[in-house]
Amino acid sequence: MITMNPTSFASDPVAAYLVVGIIGAVVGSFLSMLVYRLPIILKREWERDCREALALPPPEKAETFNIAWPASHCPQCRAPLKLRDNIPLFGFLLLRGRCRHCSASIPRQYFLIEVLTTFAALVSVAHFGLTPRGAGAFLLGAALITLTFIDMREQILPDTITLPFLWLGLLVNRGGLYASLDSAVLGAAGAYVFLWLVFHAFRLATGKEGMGQGDFKLFALGGAWLGWQLLPFVLLFASLAGALYGGTLILTRRLTRSTPMPFGPFLCAAIWLALFYGWPLMALYLRGTHG
Ligand SMILES: [Zn+2]
């Protein structure tokens with residue numbers, strides 16, 4: 001939790017925003033590592049579990065790979081990064097997006113994650129101030145950024161992120177941080193059941209799976225943080241954004257109708273938007289439809 005004296009924040013906002021921005025960039029640097037490593041760690045675990053279930057010999061002993069080990073390195077030539085290349089945001093700019101050793105290009109995604117996380121930190125504090133609500137908004141933003149990029153790369157929404165943040169949403173709303181506890185509980189359970197029903201109805205009708213099971217949990221996470229009232233907005237916005245994006249890709253022939261497109265990133269964007277502007281946007285919509 002950020003503990004800064006609100007009066008010092010008011011008297012020196014530039015310094016305060018600088019500190020918040022640096023925290024955002026550092027967290028972003030951690031997240032870009034997580035986006036790359038977590039799916040690899042999970043896949044290794046799944047392989048081990050599958051082999052165990054099939055009574056196959058365990059996989060050959062691979063080198064240690066976890067969140068902390070090995071140290072940051074070039075994915076191409078595996079040369080370790082120098083300390084100064086590891087500085088969030090500036091490391092990428094310093095290297096001009098290329099490895100110092102083999103000049104393989106570093107995926108722009110790492111840089112993008114750092115920029116987005118920094119942005120999330122600044123927006124959270126600008127909107128909610130240096131308060132528990134501001135800190136919570138940033139924490140949720142960090143989780144949603146991680147889920148977005150993992151879903152885009154791997155088409156999975158890991159339980160290791162969705163479930164803890166679902167519970168966290170219920171916990172922060174015990175004191176009604178963003179919604180009443182009653183609304184949060186209804187939101188979490190209702191969101192899951194709703195998508196579960198849609199999923200099975202769609203499968204019965206078409207024989208196809210329209211979305212992944214991870215989407216249910218992500219939507220439930222949204223319900224836990226926002227309360228049930230904002231869920232229609234989240235679903236509407238995510239579906240519209242997804243349809244627009246998918247339609248554009250199909251029109252420009254970069255995607256065929258049958259290729260699955262992850263829905264998670266659109267849900268993530270909608271949840272975060274709803275945390276800030278859900279109520280004002282809904283009021284605007286209701287005023288528009290009811291005169
Ligand atoms: Zn390299």
Side-chain angles (χ1 to χ4, degrees), residues 1-38 67-68 71-72 81-97 106-153 157-158 160-162 164-165 168-169 171-172 177-178 218 221-222 225-226 264-278:
M1 201 78 57
I2 303 165
T3 50
M4 221 185 277
N5 187 347
T7 44
S8 72
F9 179 57
S11 66
D12 197 352
V14 176
Y17 276 117
L18 197 65
V19 172
V20 169
I22 291 170
I23 293 172
V26 171
V27 172
S29 165
F30 171 75
L31 296 185
S32 64
M33 181 273 292
L34 202 62
V35 165
Y36 166 64
R37 294 194 185 198
L38 187 60
I67 295 297
S72 301
L81 288 191
K82 287 205 167 79
L83 194 61
R84 64 167 182 274
D85 301 340
N86 235 333
I87 301 170
L89 295 175
F90 297 100
F92 185 89
L93 297 174
L94 201 73
L95 292 169
R96 293 199 193 84
I106 302 165
R108 239 169 295 173
Q109 175 197 295
Y110 296 117
F111 184 63
L112 190 61
I113 293 172
E114 289 174 357
V115 171
L116 281 176
T117 315
T118 308
F119 176 76
L122 294 174
V123 170
S124 299
V125 168
H127 195 88
F128 291 117
L130 288 167
T131 59
R133 293 182 89 196
F138 172 55
L139 214 58
L140 178 65
L144 294 174
I145 288 170
T146 312
L147 287 169
T148 294
F149 281 89
I150 292 183
D151 200 21
M152 286 199 299
R153 278 174 62 121
L157 292 165
T160 38
I161 302 173
T162 49
F165 274 87
L168 188 65
L171 280 179
V172 299
L177 204 57
Y178 304 101
L218 176 56
L221 178 162
W225 282 78
L226 303 167
F266 301 103
L267 268 181
C268 287
I271 291 169
W272 212 61
L273 187 70
L275 191 75
F276 291 85
Y277 298 111

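Numbering starts at 1 and runs along the sequence shown.
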Peer 1: Please say whether more than 12 non-hydrogen atoms of neighbouring residues, nucleotides or ligands are located less than 6.0 Å from CZ in Phe119.
Peer 2: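 Open: at most 12 neighbouring heavy atoms sit under 6.0 Å from CZ of Phe119.
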
Peer 1: Around atom CZ of Arg108, are there more than 12 heavy atoms from other residues, nucleotides or ligands closer than 6.0 Å?
Peer 2: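 Result for CZ/Arg108: open.
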
Peer 1: Rounded to the nearest 0.5 Å, what separates atom CZ in Arg37 from atom OG in Ser32?
Peer 2: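 Those atoms lie 10.0 Å apart.
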
Peer 1: Sorted by first residue and then second, give each salt bridge (Lys or Arg N to Asp or Glu O under 4.0 Å) pair with at least one member in residues 84-93; sequence neighbours left out.
Peer 2: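 The answer is Asp85-Arg100.
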
Peer 1: Just do the side-chain contact (heavy atoms from CB on, under 4.5 Å) check on Leu221 and Leu267 with the steps written out, would you?
Peer 2: CA-CA 10 Å; Leu221 178 162; Leu267 268 181; over 6 Å; no

Peer 1: Can you name the residues that form a ring pair (Phe, Tyr, Trp, His ring centres under 6.0 Å) with Tyr110, not counting sequence neighbours?
Peer 2: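 If we apply the ring pair (Phe, Tyr, Trp, His ring centres under 6.0 Å) test to Tyr110, skipping adjacent residues, there are no hits.
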
Peer 1: Can you name the side-chain contact (heavy atoms from CB on, under 4.5 Å) partners of Leu177, sequence neighbours left out?
Peer 2: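 Leu177 satisfies side-chain contact (heavy atoms from CB on, under 4.5 Å) with Pro132, Arg133, Val172, Asn173 only.
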
Peer 1: Output yes when a side-chain donor or acceptor of Tyr178 lies under 3.5 Å from a complementary backbone atom of Gly169, and no otherwise.
Peer 2: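 Absent.
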
Peer 1: Return the OG1 to CG distance between Thr148 and Leu112, rounded to the nearest 0.5 Å.
Peer 2: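 The OG1 atom of Thr148 sits 10.5 Å away from the CG atom of Leu112.
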
Peer 1: Apply side-chain contact (heavy atoms from CB on, under 4.5 Å) to residues Leu94 and Ile87 and explain how you reach the verdict.
Peer 2: CA-CA 9 Å; Leu94 201 73; Ile87 301 170; over 6 Å; no

Peer 1: Tell me every residue that passes side-chain contact (heavy atoms from CB on, under 4.5 Å) with Ala25, counting only those two or more places apart in sequence or in another chain.
Peer 2: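 Testing Ala25 for side-chain contact (heavy atoms from CB on, under 4.5 Å), a comparison that skips the adjacent residues, returns Pro88, Leu89, Thr118.
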
Peer 1: OH/Tyr17 to CD1/Ile22 distance, rounded to the nearest 0.5 angstrom?
Peer 2: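 The CD1 atom of Ile22 is 15.0 Å from OH of Tyr17, to the nearest 0.5 Å.
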
Peer 1: Of all the heavy-atom pairs spanning Leu157 and Gly264, show the shortest one and how long it is.
Peer 2: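 Shortest heavy-atom separation between Leu157 and Gly264 comes out as CD1-CA, 4.3 Å.
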
Peer 1: Taking side-chain contact (heavy atoms from CB on, under 4.5 Å) as the test, write out the residues that go with Thr146, two or more places apart.
Peer 2: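 Expected list: Leu31, Leu34, Val35, Ile150, Ile161.
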
Peer 1: Among Leu139, Ile113, Thr117, Ile145, find the residue that satisfies the side-chain contact (heavy atoms from CB on, under 4.5 Å) test when tested with Val27.
Peer 2: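 Of the listed options, the one satisfying the test is Thr117.
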
Peer 1: Check ring pair (Phe, Tyr, Trp, His ring centres under 6.0 Å) between Phe165 and all other residues, then give those that pass, not counting sequence neighbours.
Peer 2: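 Testing Phe165 for ring pair (Phe, Tyr, Trp, His ring centres under 6.0 Å), a comparison that skips the adjacent residues, returns none.
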
Peer 1: What residues, two or more places apart in sequence or in another chain, satisfy ring pair (Phe, Tyr, Trp, His ring centres under 6.0 Å) together with Phe266?
Peer 2: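 Listed in chain order: Tyr245.
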
Peer 1: Passes side-chain contact (heavy atoms from CB on, under 4.5 Å), Leu144 versus Leu218? Steps please.
Peer 2: CA-CA 9 Å; Leu144 294 174; Leu218 176 56; 4.1 Å; yes

Peer 1: Can you give me the closest heavy-atom contact between Met152 and Pro265, atom names plus distance?
Peer 2: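 For Met152 versus Pro265, the nearest heavy atoms are CG-CG, 3.7 Å.
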
Peer 1: Distance check, rounded to the nearest 0.5 Å: Leu38 atom CG versus Arg153 atom CZ?
Peer 2: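 Taking CG in Leu38 and CZ in Arg153, the distance rounds to 11.0 Å.
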
Peer 1: Anything under 3.5 Å between a donor and an acceptor, one on a side chain of residues 120-128, the other on a protein residue two or more places apart or in another chain? List them.
Peer 2:
{"from": "Ser124", "atom 1": "OG", "to": "Ala120", "atom 2": "O", "distance (Å)": "2.7"}
{"from": "Ser124", "atom 1": "OG", "to": "Phe138", "atom 2": "N", "distance (Å)": "3.3"}

Peer 1: Search all heavy atoms of Gly222 against all heavy atoms of Ile271 and return the closest pair with its distance.
Peer 2: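 Looking at all heavy atoms of both residues, the shortest contact is CA-CD1, 3.7 Å.
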
